[in-house]
Visitor: 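Could you have a look at this structure, given as structure tokens, before my questions?
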Amino acid sequence: DAGVIQSPRHEVTEMGQEVTLRCKPISGHDYLFWYRQTMMRGLELLIYFNNNVPIDDSGMPEDRFSAKMPNASFSTLKIQPSEPRDSAVYFCASSSGGGRGGTDTQYFGPGTRLTVL
Amino acid sequence: AQSVTQLDSHVSVSEGTPVLLRCNYSSSYSPSLFWYVQHPNKGLQLLLKYTSAATLVKGINGFEAEFKKSETSFHLTKPSAHMSDAAEYFCVVRSASKIIFGSGTRLSIRP
């Protein structure tokens with residue numbers, strides 16, 4: 001398996017522009033997670049899906065952020081409009097099962113490094 | 001409420017000496033606990049996980065961790081550090097629908 005695939009790997013954009021990050025989870029995994037990592041705030045869970053349905057989006061920082069999972073093999077994280085403080089590395093991860101207790105292992109993608117000028 | 005605290009932001013050891021990375025947690029439920037490692041410019045990789053089975057958990061690359069409920073701790077250890085262990089390590093608690101990452105511990109290895 002190719003693992004979790006994220007695109008683009010690097011994105012540089014100007015403040016106010018729309019940014020779309022993409023993720024393809026491992027085939028067969030039914031959980032998908034979006035994380036943001038910065039020096040100041042560390043690693044933060046933004047949102048996660050189970051069977052394409054958002055379960056917990058309490059980590060989404062504000063309305064400028066939105067995430068979708070139209071099918072089991074694709075998810076997007078969109079920022080509109082982007083701001084310099086959104087600059088970070090965004091990770092996508094997927095896992096299989098785990099139920100309510102969450103014992104499953106998450107497999108992380110390589111991340112998208114976003115720079116907003 | 002859940003939380004996880006990694007007690008050291010940076011640990012430096014000499015190659016061949018033991019490694020101890022400390023993690024304390026709090027959880028209202030019986031948690032699952034994980035350690036992940038992140039090498040520079042890479043995604044995170046699972047080292048080991050505790051899921052209410054054996055309290056001493058063995059992971060990859062010679063790492064292990066012991067779940068101590070009375071101390072609410074899940075410290076990560078390795079008997080002998082290798083240069084390739086230099087990385088960032090994250091302790092994670094997961095319970096119910098919540099997933100909390102610790103702030104990370106950067107492990108440096110001195111030759």
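Letters go in sequence order (proteins before strands), and every chain restarts at 1. Side chains included, hydrogens not; waters and symmetry mates left out as well; all remaining heavy atoms used.
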Visitor: Check for me, please, whether Val89(A) and Ile99(B) land in the same ILVMFWY cluster - side-chain distances under 4.5 Å, paths through other members count.
Guide: yes
Visitor: Measuring from Lys42(B):NZ to Phe91(A):CZ, what's the distance to the nearest 0.5 Å?
Guide: 11.0 Å
Visitor: Indicate if Leu33(B) and Leu56(B) have the same hydrophobic cluster label, given that clusters are the connected sets of ILVMFWY residues with side-chain heavy-atom separations under 4.5 angstrom.
Guide: no
Visitor: With a 4.5 angstrom heavy-atom cut-off, is it the side chain or the backbone of Arg113(A) that approaches chain B, or both, or neither?
Guide: side chain
Visitor: For atom OH of Tyr107(A), decide whether the heavy atoms of other residues, nucleotides or ligands shown that lie under 6.0 angstrom number more than 12.
Guide: no
Visitor: Are Leu77(A) and Val19(A) connected in the hydrophobic side-chain network, where two residues link if heavy atoms are under 4.5 Å apart?
Guide: yes
Visitor: Is Glu88(B) in contact with chain A via its backbone, its side chain, both, or neither, using a 4.5 Å heavy-atom distance?
Guide: neither
Visitor: Taking the side chain as every heavy atom from C-beta outward, state whether Leu44(B) and Leu43(A) have any atom pair closer than 4.5 Å.
Guide: yes
Visitor: Against the six-membered ring of Phe33(A), is Arg94(B) placed for a cation-pi contact (under 6.0 Å from the centre, within 45° of the normal)?
Guide: no
Visitor: Can you get from Val92(B) to Leu46(A) by hopping between Ile, Leu, Val, Met, Phe, Trp and Tyr side chains that sit under 4.5 Å apart?
Guide: no
Visitor: Taking atom CZ of Phe101(B) and atom CD of Gln37(A), what is their separation to the nearest 0.5 Å?
Guide: 9.5 Å
Visitor: With hydrophobic residues grouped by side-chain heavy-atom distances under 4.5 Å, do Leu76(B) and Val11(B) end up in a single group?
Guide: yes
Visitor: Given a strict heavy-atom distance threshold of 4.5 Å, which part of Tyr35(A) is in contact with chain B: side chain, backbone, both, or neither?
Guide: side chain
Visitor: Is there a side-chain contact between Leu46(B) and Gln106(A) in this structure, where contact means two heavy atoms from C-beta onward sitting under 4.5 Å apart?
Guide: no
